[in-house]
Structures are given as C-alpha cells and as structure tokens.
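For reference, the structure is listed below as structure tokens.
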Amino acid sequence: GESVGLHLPTLSVQEGDNSIINCAYSNSASDYFIWYKQESGKGPQFIIDIRSNMDKRQGQRVTVLLNKTVKHLSLQIAATQPGDSAVYFCAGVGPGAGSYQLTFGKGTKLSVIP
Amino acid sequence: DTEVTQTPKHLVMGMTNKKSLKCEQHMGHRAMYWYKQKAKKPPELMFVYSYEKLSINESVPSRFSPECPNSSLLNLHLHALQPEDSALYLCASSQRLAEHTQYFGPGTRLTVL
C-alpha cells in the first residue's frame, strides 16, 4: 500500500513569516493529494488539494506544490498567523477514479510564535 | 451547511458498558466514514458507508458495530470495549464514495476505564 510521511514532526515560525510543511510519498499512483489542518480538540479540516497531473495549486494564503519526480509534496502558508497553529496532515487518495481511501501522513505540528 | 456534527463530545465508559456514538450531516452526502485517531497519530479508517450500505470494514473488532439508519445519520455502537480502544472517534462524509474530499466532524473523545 501507499505510504505517506512527513520530513519534520514539528515546525516553529514567527508570526508574519512564511511556513513550508513537507511531505514525502512512496506510491506515485495516487490521483489526488490533500492537506488537512487539525486544531487541538477538533477534527481535520480540508485546506487544499491537488490532482496528480498538476504541479502547483494556490488557495487563499496557501500553495501546494507537487514534485512527482522526487515524490514530494509541500504546503506553503504565506504570512503565518497564530490561528494557523495546528497539526497539518497530508493525505493521498487513490489510485483509481473510484477509490475513496485517504492514506494520511504522520503529521507536522506548526507552532506560530507571536 | 458544510458541517458534520458528532455527539457526545466526550464519553467515559466501563468495559462492560454499551454506548453509542452519533454522527449527522445535512449536506446530502451519500458516503460516510468512521475513523479512529490515537494521540499524535493520523486518523485510521474503520468503516465506510455508501448509500446507507456498509461498503468497507477495515478488519475492525466486532465490539464496534456501525449503523446507518438513513442518509444523514451514522452511528457507532460500542460494547465490551478495552482500555486500548480509548481514542478520538471521527466521523466524515463525502458527496459520493468516489469523491475524494471528506469533511470531518469534531470527534468524540472516548475513554474506556
């Protein structure tokens, strides 16, 4: 099965700086990759996704980059705010158009220093 | 409305108790999921329902019994649990089984004594 993991378990950034959270995956057959944010005491919240045939996708203050050559996924958060403090999970979906299963990475805890 | 609700928020039960976790969504989603999440770990899939029918059981022990009474509700019945079953139980839903974006509820924090 697919393995999705993260390079760094914890990340501390100064408020206002940009954050980069990394994720490596082993199975290149996934159709989609998704980033979830999980705040303390809450369920995972969908942030952004990217299809496997794309290299980059931008949202509001967030950008996801996919490098299929090295099987690497990253989430960039611009102008990090205290409310961004959470655990961030990457997840792969697929393979197959009918596949439902999310394979989660281990998670990175982001701490924003005021 | 993009909300998945779960009750109770917290639950403490003994190993001989019978309890139920409830999940509800009103987004018209036809796929619903139960996950188990241990501290500092990612969620692990337990069950998947599609159009109120059980599609996937990820080799979950029979002391966990899911039920989908209708398209908006998902229950997880608990009986004779073990202390190692203590975890955060998350419910999620998606439009269809093939739709990859799953929306999660806040979870039920379960403690088994």
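Proteins come first, then strands; the chains are lettered A, B, ... in the order of their sequence lines, and each starts at number 1.
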Contacts of residues 59-75 of chain B with chain A (heavy atom under 4.5 Å): none

Whether over 12 other heavy atoms sit under 6.0 Å from B/Q82 CD: yes

A/M54, CE: over 12 other non-hydrogen atoms inside 6.0 angstrom: yes

Are [X] and [Y] joined in one hydrophobic group, where the rule is that I, L, V, M, F, W and Y side chains link up if heavy atoms are under 4.5 Å apart?
| X | Y | value |
| --- | --- | --- |
| A/Y25 | A/W35 | yes |
| B/M13 | B/M15 | yes |
| A/L110 | A/V62 | yes |
| B/V4 | B/L11 | no |
| B/Y49 | B/L21 | yes |

Nearest 0.5 Å, please: how far is [atom2] in [Y] from [atom1] in [X]?
| X | Y | atom1 | atom2 | result |
| --- | --- | --- | --- | --- |
| A/L102 | B/Y33 | CG | OH | 7.5 Å |
| B/L88 | A/Q38 | CG | CD | 6.5 Å |
| B/T101 | A/I48 | OG1 | CD1 | 11.0 Å |

Taking every non-hydrogen atom, the tightest pair across B/L90 and A/P44: CD1-CD, 3.8 Å

A/G105 versus B/P42, closest heavy-atom pair with distance: O-CB, 3.2 Å

Pick from B/K41, B/K9, B/Q37 with the largest number of heavy-atom pairs that fall under 4.5 Å of chain A: B/Q37

Aromatic ring proximity, centroids under 6.0 angstrom, B/F104 and A/Y36: yes

Toward chain B, the part of A/Q45 with a non-hydrogen atom under 4.5 Å: neither

Toward chain A, the part of B/Q6 with a non-hydrogen atom under 4.5 Å: neither

